[in-house]
Amino acid sequence: MCGIFGSALRDGNAAPVIHAALKRLEYRGYDSVGEATIDDGVLYVRKDRGKIDEVHRIHNLDDLPGSIGIGHTRWATHGAPLQVNAHPHLDCKGQIAVVHNGIIENFAELRQDLETHGHVLRSKTDTEVIAHLIEDGFNNRPSTSFADVVLEAVKKLEGSYSVAAISTKEPDKIVCARNESPLVIGVADGGFYCASDIPALLPLTNKTVTVENGELVVLSSENFEIKKILDSSTVVRKPRLSDWSPEMAVKGGYPHFMLKEIHEQPETLRNTLRLQEHYLDLMATFLERAREVFLVACGTSYHACLAASYMFSKLAFLGTYPVIASECVEQHGRSIGIDSTILAVSQSGETSDTLAAVMTARERAATILGLTNVVDSTLTRVSRVYIVQQSGPEIGVAATKTFTSQLSVLAQLALRVAKRRGKVSQDEMDYLGERLTKLPHDAEVVIQTQEEKVKQIAKKYRDAKAFLFLGRGISTATAYEGRLKLMEIAYVPAIALPAGESKHGPIGLVEPGFPVVIVCPRDETHKTVIGNIMEMKARGASVVAVVEEGDEEIKRLVDDYLEVPKGIAEVLSPILFVIPLQLLAYYMAVERGHDPDMPRNLAKSVTVK
Ligand code: AGP
């Protein structure tokens, strides 16, 4: 998730306007930044790795000449955060500049084709192919308009994009286009703008036009024109007035980043379904060949590892050890060796306990694999193979979208290992593949249908002194994660257990009205979970169950229930069942007057603020 911005002014320099707008988009990505403007037929570019203020101090992002320009603040997905990979990207002759937010899935093929036709690509990014496709269009049909050349170029792209381009061939225009990644036009007296979302526009204008998927927009200082990419037909859309404050806009209208990031999960789950096959296959090969696999992480990432251990076992018949990183050396230090494979999971890629375990294992010649959300993080640099999960920056300290994305990637890995081991039939592969693809939609349904209900339940239990979270099978990981969220942002003491463990002591806590949250997918554990509910009810507990839609058997047994769409595959269930628990923790924190984004005593592994 990056931030793009374009400005076509009647008067004055565009650079300071672009710089200020990128600052308002910095929450979308902050590892490199760049701008390009055109003045007197010449293209000017300034870009480098680092945060906007650092790059501005070195390169001065305000003094590029020209009243038209584009800018970008980056969250690296393809290619480490280095100057060469920073946007804007140029064509061979330095006459076309492009900024992009999204993932071009077929960039490797396009790059190969362009290089075969003599183009020289400088960066490791997917984006750069767009600048060269535009150049190619001009080379092949010099009399074609800039807009039409861009239109032909984006037609060749597969994946998500919001892209803006300028060219010295038509120096008074910005051409931008959208497929999935957000793009908004700003209409103002002094000019026209395009941006990844409204925060960048608000101080300039509150008159905005949303660009829909499959649309291209030609901007100048006088006007904007929308076309359908498919057939170049013109689209007429009137600007609407936004009533957001700039501060509100950065959170996208949500009161907190945590709630915004919970609502982003349909999109971030979709991104995990677009990861580069090559790296998923490579990692699956290492896992399939491994003599022993340790899944090492901390906190929420450890809960993803715990769930993954069920996925690898149930799908691929592969035994794995989920290990809390801070205990890894003590618990397994001596047994880890050249035949060991460590799959380290860390959204930040910088958590010291996880890196310490990894370093020790590396010293003992173990193979290190990494799953992270941050390109160029330390974990990526110490891993033999790593996967970047594409969740975009997570500003809220409480991990939400990165957890469900980790689970989706780990499930895809387990499925690939299962296929290699011939442990799943083609029908099972197809079924699970179809279920995975349906996850973004199902997550949307959970959020839309359950949020109001969660608010009521949070209100009902706001003064609870403690909670017990129970789950069986893979739902044990869901219960653990629900508990962690409630503790870290609402400060409610909570215990989580595999439900079968409760009768071995912790049930002693349960008394009339004691809140028990139980995770109940319709899987092999369903019957035994009903037994656990009865145990709790027999002691007067107040039971909140997360169930599959239409599970009347459990709904009539419990005090409150939250529903997820039916038919979720067992090994994928934590991805949906955790969402109501994320919302419960969020609304409990709000009910109890705490700031969910800035929980006490905690910080995000990567310090952005
Ligand atoms: C989760 O909400 C917490 N922020 C924390 O437990 C976190 O999961 C843990 O510190 C691991 O972070 P990582 O994924 O960046 O390594």
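For ligands, and for the atoms within them, numbers begin at 1 and follow the listed sequence.
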Judged by modelled atom types alone, do Tyr386 and Ser377 share a side-chain donor-acceptor pair under 3.5 Å?
no
For the residue pair Arg600 and Tyr491, would you count it as a cation-pi contact if the rule is NZ or CZ under 6.0 angstrom from the ring centre and within 45 degrees of the ring axis?
yes
Within 4.0 Å of some non-hydrogen atom of Ser301, the atoms of ligand 1 are 8 (O), 13 (P), 14 (O)
Determine whether a donor-acceptor pair (N or O, by modelled atom type, separation under 3.5 Å) exists between the side chain of Thr372 and the backbone of Ser346.
yes
Quick check: does Ser348 get an N/O under 3.5 Å from an N/O on ligand 1?
yes
Which atoms of ligand 1 are found less than 4.0 Å from any heavy atom of Ala398?
2 (O)
Mind checking whether Glu350 contacts ligand 1 via backbone (N, CA, C, O), side chain (CB onward), both or neither, at a 4.0 Å heavy-atom cut-off?
neither
Any N/O pair Ala399/ligand 1 closer than 3.5 Å
yes
Could I get the full list of salt bridge (charged side-chain N to carboxylate O under 4.0 Å, His left out) partners for Asp376, not counting sequence neighbours?
Arg49, Arg381
Are the side chains of Phe514 and Leu468 in touch, meaning some heavy atoms are under 4.5 Å apart?
yes
Below 4.0 angstrom from a heavy atom of Lys485, which ligand 1 atoms are there? Numbered from 1 as shown, please.
1 (C), 2 (O)
N or O contact, Thr300 vs ligand 1, cut-off under 3.5 Å
yes
Backbone or side-chain N or O of Gly349 under 3.5 Å from ligand 1 N or O:
no
For residues 289-304, pull every pair meeting side-chain hydrogen bond (donor to acceptor under 3.5 Å, both in side chains), keeping only residues two or more places apart or in separate chains.
Arg291-Asp339, Glu292-Ser340, Thr300-Glu481, Thr300-Lys485, Ser301-Gln406, His303-Glu481
